There are 2 protein chains.
Amino acid sequence: MSARNRVVVDEREKPSGVPLLLKELGMMVDFRLLEVGDYIVPGYAVERKEVGDFLKSLYSHRIFDQAYRLREVYENPVLVVEGDVAQIINHGIKPQALWGALTTLTFDHGLKVFFTPDQTQTANLIYTLRRKKPHLLKGPVVKRTRKVEVLETTQLQLVSFLPGIGLKLADRMLTKFQTVRTVFSASAAELSTVRGVGKVTANRIVKILDTPYRPFLKRPRQLKLDENNS
Amino acid sequence: MSARNRVVVDEREKPSGVPLLLKELGMMVDFRLLEVGDYIVPGYAVERKEVGDFLKSLYSHRIFDQAYRLREVYENPVLVVEGDVAQIINHGIKPQALWGALTTLTFDHGLKVFFTPDQTQTANLIYTLRRKKPHLLKGPVVKRTRKVEVLETTQLQLVSFLPGIGLKLADRMLTKFQTVRTVFSASAAELSTVRGVGKVTANRIVKILDTPYRPFLKRPRQLKLDENNS
DNA sequence: ATAGCCGGGTGGTGA
DNA sequence: TCACCACCCGGCTAT
């Protein structure tokens, strides 16, 4: 039996029944306590979620943290959503929220998402994955999207990060001041010449700009005293 | 209605009902005779297949040719399989053949595969796709900021929004320059005095700061022509 | 993730 | 000057 037939499984996945099915398919199942991911086969890491859990982790934003960590550690992160897709819709979620989540997971996080109807098919999917060479075929299709040409968006997002400034106002400010630098050099009076920006907002912005920074990031060297624990 | 809300649809997709649903969602549908793909929305090309057709094109290997051509022409090829997945399994196909095909399409052909239960959800998916813009991820999701330390975190997040600057570097920059304003007033030379910031990063930052803004937000008055049509 | 609601800032108009 | 109002922002909630 080759190493290809091995799969490392997170212990908490035991009750799901999937590991048993994998054994029946002839794989060697190796239980561990995994920090990230549920199933590891050479080259691939699989996170399995039943539809209910998927929704939960969507509502709590947890799914995106998990996706991030998965992507950081493994080169081919896979998300398996197990159960009836239609059931997710009927659950009452706004469809646009569902598809929005799925598309950002696939396009922005580089996650490959599969839907399986039940545990048996989840096992089949993992089993099939095992025999795929992690990389093959002529051109490496996975093109790391280089971060060029997003200039305007970055400028806009930067400015719209100021308190009281959204996309609309950021656009107006940049149109008026031309560059990001001039926006961030402006005085409160100058800022409030922009339509939609009044004294209050302008002063809030200036406060952010001119208040001396008080480092609050943990430095490795420094011993940190307990400040607000009981 | 802006160009973002446009979708080019292959004429043969008309009877599927999806184009009508897209219209109801407020999109402008533009029928053409497409050589490859069924739905084109800025940046994405969608091939839609009902489960039956998917099986057929799987048996005949046609699906791989289509996937290849789709990938050749568009940067973000999407395959939508519409209908009940479980039905495919029950149809008698060997599960391994199904998952093998899907994984090959995903990993080797770089195709993004989505499963939708019906036409309505297919429409929702395409609709959601329309507004996605390639934005880059800096790291784990930004934690919700508590009201208290809002000032420092805002300063930090502002600076860390600069290209190549994460939380750690932002902290160093602010510690060195004291205020946000001075950071955003600094020259490339001054910026690169910060440890971890080199010439390249410094220049990228300066570019963001000093490049005159080209408004790209939709103005209500302005008529905008379709951007990626031939 | 997305949509919707609501409270509050902003600036313009008309009384 | 003041009061009303349309617009924009951002925070919260439900799905």
Side-chain angles (χ1 to χ4, degrees), chain A residues 49 51-68 79 81 85-111 113 156-176 183 188-208, chain B residues 4-5 24-27 112 114 116-117 120-121 123-135 137 140-151 153-154 157-158 215 217-221:
Chain A
K49 280 204 183 311
V51 286
D53 291 336
F54 177 70
L55 280 189
K56 281 228 171 76
S57 57
L58 174 58
Y59 291 154
S60 64
H61 296 193
R62 222 174 55 232
I63 186 74
F64 299 100
D65 290 330
Q66 290 179 321
Y68 175 78
L79 171 66
V81 180
V85 196
Q87 182 186 329
I88 306 185
I89 310 279
N90 294 336
H91 188 279
I93 188 182
K94 278 184 279 280
Q96 300 190 9
L98 172 67
W99 299 118
L102 289 175
T103 48
T104 49
L105 283 175
T106 52
F107 288 107
D108 298 341
H109 291 259
L111 218 58
V113 184
L156 214 49
Q157 286 179 326
L158 249 175
V159 176
S160 67
F161 218 96
L162 294 170
I165 305 300
L167 277 183
K168 292 267 171 38
L169 287 185
D171 182 64
R172 281 187 211 155
M173 294 177 85
L174 279 168
T175 305
K176 175 155 206 151
V183 171
E190 288 166 337
L191 288 175
S192 47
T193 64
V194 176
R195 197 159 72 74
V197 180
K199 276 195 68 170
V200 177
T201 308
N203 284 328
R204 265 199 299 236
I205 293 175
V206 167
K207 181 163 186 187
I208 294 287
Chain B
R4 261 229 145 48
N5 265 351
E24 287 177 10
L25 286 169
M27 300 192 78
K112 318 290 184 180
F114 293 88
T116 64
T120 309
Q121 297 314 319
N124 271 317
L125 169 58
I126 296 172
Y127 176 76
T128 307
L129 224 42
R130 137 221 80 132
R131 62 189 348 245
K132 286 210 83 60
K133 53 193 172 201
H135 80 312
L137 307 174
V141 179
V142 181
K143 303 293 180 198
R144 295 231 174 271
T145 55
R146 294 281 162 256
K147 279 280 185 192
V148 200
E149 334 173 290
V150 93
L151 213 156
T153 48
T154 310
Q157 287 180 335
L158 252 173
L217 229 54
K218 354 177 203 252
R219 316 294 173 130
R221 293 266 154 169

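Just so we're clear, the structure is a prediction, and the values are computed from it rather than from any experiment. Protein chains get the first letters and strands the later ones, always in sequence-line order, with residue 1 at the start of each.
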Pick base, sugar-phosphate or nothing for [X], based on heavy-atom distances below 4.0 Å to the nucleic acid.
X        : value
A/Leu105 : nothing
A/Ile165 : sugar-phosphate
A/Ala97  : base

Calculate the interatomic distance between [X] atom [atom1] and [N] atom [atom2]; express it in whole Å.
X        : N      : atom1 : atom2 : value
A/Asn203 : C/dT10 : CG    : C1'   : 14 Å
A/Ile205 : D/dC9  : CD1   : C1'   : 12 Å
A/His91  : D/dA14 : NE2   : P     : 14 Å
A/Leu98  : C/dA3  : CG    : P     : 13 Å
A/Leu167 : D/dC9  : CG    : P     : 7 Å
A/Lys56  : C/dA1  : NZ    : C1'   : 18 Å
A/Ile89  : C/dT2  : CD1   : C1'   : 13 Å
A/Leu191 : C/dT10 : CG    : P     : 12 Å

Check: [Y] and [X] side chains under 4.5 Å, non-hydrogen atoms:
X       : Y        : result
A/Trp99 : B/Leu129 : no
A/Phe54 : A/Leu98  : yes
A/Ile93 : A/Leu58  : yes

Can any side-chain N or O of [X] pair as donor or acceptor with the backbone N or O of [Y] at less than 3.5 Å?
X        : Y        : result
A/Arg172 : A/Arg195 : yes
A/Asp53  : A/Lys49  : no
A/Ser192 : A/Ala188 : yes

Nearest listed nucleotide, side chain of [X], among [options]:
X        : options              : value
A/Leu169 : C/dA1, C/dA3, D/dC8  : D/dC8
A/Lys168 : C/dA1, C/dT2, D/dC8  : D/dC8
A/Arg195 : C/dT2, D/dC8, C/dG11 : C/dG11

request  = Of all the heavy-atom pairs spanning A/Pro95 and B/Asn124, show the shortest one and how long it is.
outcome  =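 In terms of heavy atoms, the two residues are closest at CB-ND2, 3.4 Å.
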message = Can you see if the side chain of A/Gln96 gets near the phosphate of C/dA1 - specifically, an N or O under 4.0 Å from OP1 or OP2?
response =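 No, A/Gln96 has no side-chain N/O under 4.0 Å of OP1/OP2 on C/dA1.
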B/Tyr127 or A/Val197, whichever maps to the more 5' nucleotide of DNA chain C =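 So the residue in question is B/Tyr127.
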Every protein N/O lying under 3.5 Å from an N/O of nucleotides 7-9 of chain C:
| from | atom 1 | to | atom 2 | distance (Å) |
| --- | --- | --- | --- | --- |
| C/dG9 | O3' | A/Thr201 | OG1 | 3.4 |

